[in-house]
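These numbers come from the heavy atoms of this one structure, side chains and all, not from hydrogens, waters or symmetry mates. Being a predicted model, the structure only gives us computed values, none of them experimental.
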Amino acid sequence: MKNSNIRNYDYFCIIMRIDIITVLPELLESPLSHSIIKRARAKSLAEIVIHDLRTYGKGKYLQTDDYSFGGDAGMVMMIEPVYNLLEDLKKDRLYDEILYTSPDGELFSQKEANRLSCLQNIIILCGHYKGIDQRIRDHLITKEISIGDYVLSGGELAAAVITDALVRLLPGALSDETSALTDSFQDGLLAPPIYTRPANFRGWKVPEVLLCGDPVKIRTWQEEKSLDRTERLRPDLLKNNSGD
Ligand code: ADE
């Protein structure tokens, strides 16, 4: 019999809604339609709605960008379509964060993914063109996020990365709920090496301890390896390690 104290996430209501605003919806469809995200959407743990900003574009050509004042080269995302779309979204629910993907933003991290995954409704506005009208950033956005110190052609891939990192954290999204907690970075360390069958492939052997069946010994070995890998590959994590 099922334990009635345990939530059955197959029938659980939506935990998180993510609205993504973009001028290139096609770029987001595939990354958000497979594997863990697909399952989380199918189980209604996450509702992800992609909005084509062009449907709010101005005039006959549904314009969403224009030349910049001051004559710099490059087109700039206009404020009106963004404002109108946000106003429509806000009519239906309260949003906890309105994020803008930009190389200027705060560097995305597991800590930030954990924080965002506890929110209920978020919007991600994907940057495009040369940039967006500064008034969008000043008045409509609550936070800017960068996924790394490099420049992408647009914010869609960054939005997909952020969405993936959040959705996999939702309870019930992973088949084994503990596995998100053992991800690299969750305890400020890289994950230990893992192996599967065969135990011996052309003389390349799986470490003996993993075959011994003693969970304490295995856990101790994994912790040592985690620390070891972090020291070797990402010593910066140990310096900044605040445990969250
Ligand atoms: N848009 C362009 N480059 C980006 C980056 N590195 N992170 C987030 N959004 C971006």
Undergrad: Please tell me if the side chains of E87 and Y56 come closer than 4.5 Å, counting only heavy atoms from C-beta onward.
TA: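 No. Closest side-chain heavy atoms not under 4.5 Å.
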
Undergrad: Is the backbone of E144 close enough, under 3.5 Å, to the side chain of R137 for a donor and an acceptor to pair up by distance?
TA: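 Judged by distance alone, no pair lies under 3.5 Å.
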
Undergrad: Kindly determine whether D65 and V23 satisfy side chain to side chain contact (heavy atoms under 4.5 Å, CB included), including the steps that lead there.
TA: CA-CA 10 Å; D65 61 325; V23 288; over 6 Å; no

Undergrad: Going hydrophobic residue to hydrophobic residue with side-chain gaps under 4.5 angstrom, can you get from I122 over to F108?
TA: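 Yes: a chain of side-chain contacts under 4.5 Å links I122 to F108.
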
Undergrad: Provide the closest heavy-atom pair for I21 versus L85 in the form atom of the first, atom of the second, distance.
TA: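 Minimum heavy-atom separation between I21 and L85: CG2-CD2, 3.6 Å.
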
Undergrad: Within a strict 4.5 Å, meaning less than it, do heavy atoms of the L174 and R168 side chains meet?
TA: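 Heavy-atom side-chain distance check passes, below 4.5 Å.
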
Undergrad: Any side-chain heavy atom of I98 within less than 4.5 Å of one from L140?
TA: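 With C-beta onward as the side chain, the pair stays apart.
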
Undergrad: Applying salt bridge (charged side-chain N to carboxylate O under 4.0 Å, His left out), which residue pairs with at least one partner in residues 216-227 are found, sequence neighbours left out?
TA: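 As it turns out, the salt bridge (charged side-chain N to carboxylate O under 4.0 Å, His left out) pairs with a partner in residues 216-227, which skip direct neighbours, are R219-E223.
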
Undergrad: Determine whether L89 and V49 fall in the same hydrophobic cluster, where Ile, Leu, Val, Met, Phe, Trp and Tyr are linked whenever their side-chain heavy atoms lie under 4.5 Å apart.
TA: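 Different clusters: L89 never reaches V49 through Ile, Leu, Val, Met, Phe, Trp or Tyr contacts under 4.5 Å.
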
Undergrad: Is a donor on one side and an acceptor on the other found under 3.5 Å between the side chain of N200 and the backbone of K205?
TA: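 It does not hold such a pair.
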
Undergrad: Run the salt bridge (charged side-chain N to carboxylate O under 4.0 Å, His left out) test on D66 and K58 for me, step by step, so that the C-alpha distance in whole Å, both residues' side-chain angles and the decisive distance to 0.1 Å come before the verdict.
TA: CA-CA 11 Å; D66 209 337; K58 280 188 72 175; over 6 Å; no

Undergrad: Using a 4.5 Å cut-off between side-chain heavy atoms of Ile, Leu, Val, Met, Phe, Trp and Tyr, which other residues end up in the same hydrophobic cluster as Y195?
TA: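 Other cluster members: V206, V209, L210, L211, I218, W221.
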
Undergrad: Within the structure provided, determine whether I20 and L32 are in side-chain contact (heavy-atom separation under 4.5 Å).
TA: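 Yes, side chains in contact.
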
Undergrad: I want to check something: taking the side chain as every heavy atom from C-beta on, are L119 and Y95 in contact at a cut-off of under 4.5 Å?
TA: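 Side chain of L119 against side chain of Y95, heavy atoms only: no contact under 4.5 Å found.
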
Undergrad: Can you check whether A191's main-chain N or O pairs, donor with acceptor, with R229's side chain at less than 3.5 Å?
TA: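 Yes.
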
Undergrad: Short question: side chain of D19, backbone of I123 - any donor-acceptor pair under 3.5 Å?
TA: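 Looks like no, no N/O pair under 3.5 Å.
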
Undergrad: According to side-chain hydrogen bond (donor to acceptor under 3.5 Å, both in side chains), who are the partners of Q110, at least two apart in sequence or on a separate chain?
TA: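 Q110 satisfies side-chain hydrogen bond (donor to acceptor under 3.5 Å, both in side chains) with N114 only.
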
Undergrad: Main chain of L170, side chain of S117: is a donor-acceptor contact present, judged purely on distance under 3.5 Å?
TA: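 Here the side-chain-to-backbone pair does not exist.
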
Undergrad: Going only through I, L, V, M, F, W and Y residues with side-chain contacts under 4.5 Å, is there a path from V167 to I147?
TA: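 Yes, it is one cluster - the side chains of V167 and I147 are joined through contacts under 4.5 Å.
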
Undergrad: Between Y150 and V161, is there a shared hydrophobic cluster once you connect ILVMFWY residues whose side-chain heavy atoms come closer than 4.5 Å?
TA: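 Yes, Y150 and V161 fall within the same hydrophobic cluster.
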
Undergrad: Do the non-hydrogen side-chain atoms of M77 and L125 ever get within less than 4.5 Å of each other?
TA: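 Touching, per the 4.5 Å side-chain cut-off.
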
Undergrad: Examine distances only and state if a side-chain atom of S146 and a backbone atom of D104 form a donor-acceptor pair shorter than 3.5 Å.
TA: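 No, the answer is negative, given that no donor and acceptor are paired below the 3.5 Å cut-off.
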
Undergrad: If you define the side chain from C-beta out and look only at heavy atoms, does anything of H128 sit under 4.5 Å from E156?
TA: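 Yes - at least one pair of side-chain heavy atoms lies under 4.5 Å apart.
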
Undergrad: Between D88 and K91, is the closest basic N to carboxylate O distance under 4.0 Å?
TA: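 Salt bridge between K91 and D88, a charged N being under 4.0 Å from a carboxylate O: yes.
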
Undergrad: For a side chain to side chain contact (heavy atoms under 4.5 Å, CB included) check, start with the C-alpha distance between T22 and L27, then their side-chain angles and the critical distance, and finish with the verdict.
TA: CA-CA 9 Å; T22 171; L27 252 184; 6.0 Å; no

Undergrad: Under a 4.5 Å cut-off applied to non-hydrogen side-chain atoms, are L28 and I48 in contact?
TA: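 No, every pair of side-chain atoms sits at 4.5 Å or beyond.
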
Undergrad: Look at the side chain of R39 and the backbone N and O of A173, then say whether any donor-acceptor pair between them is shorter than 3.5 Å.
TA: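 Yes, R39 side chain to A173 backbone: donor-acceptor pair under 3.5 Å.
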
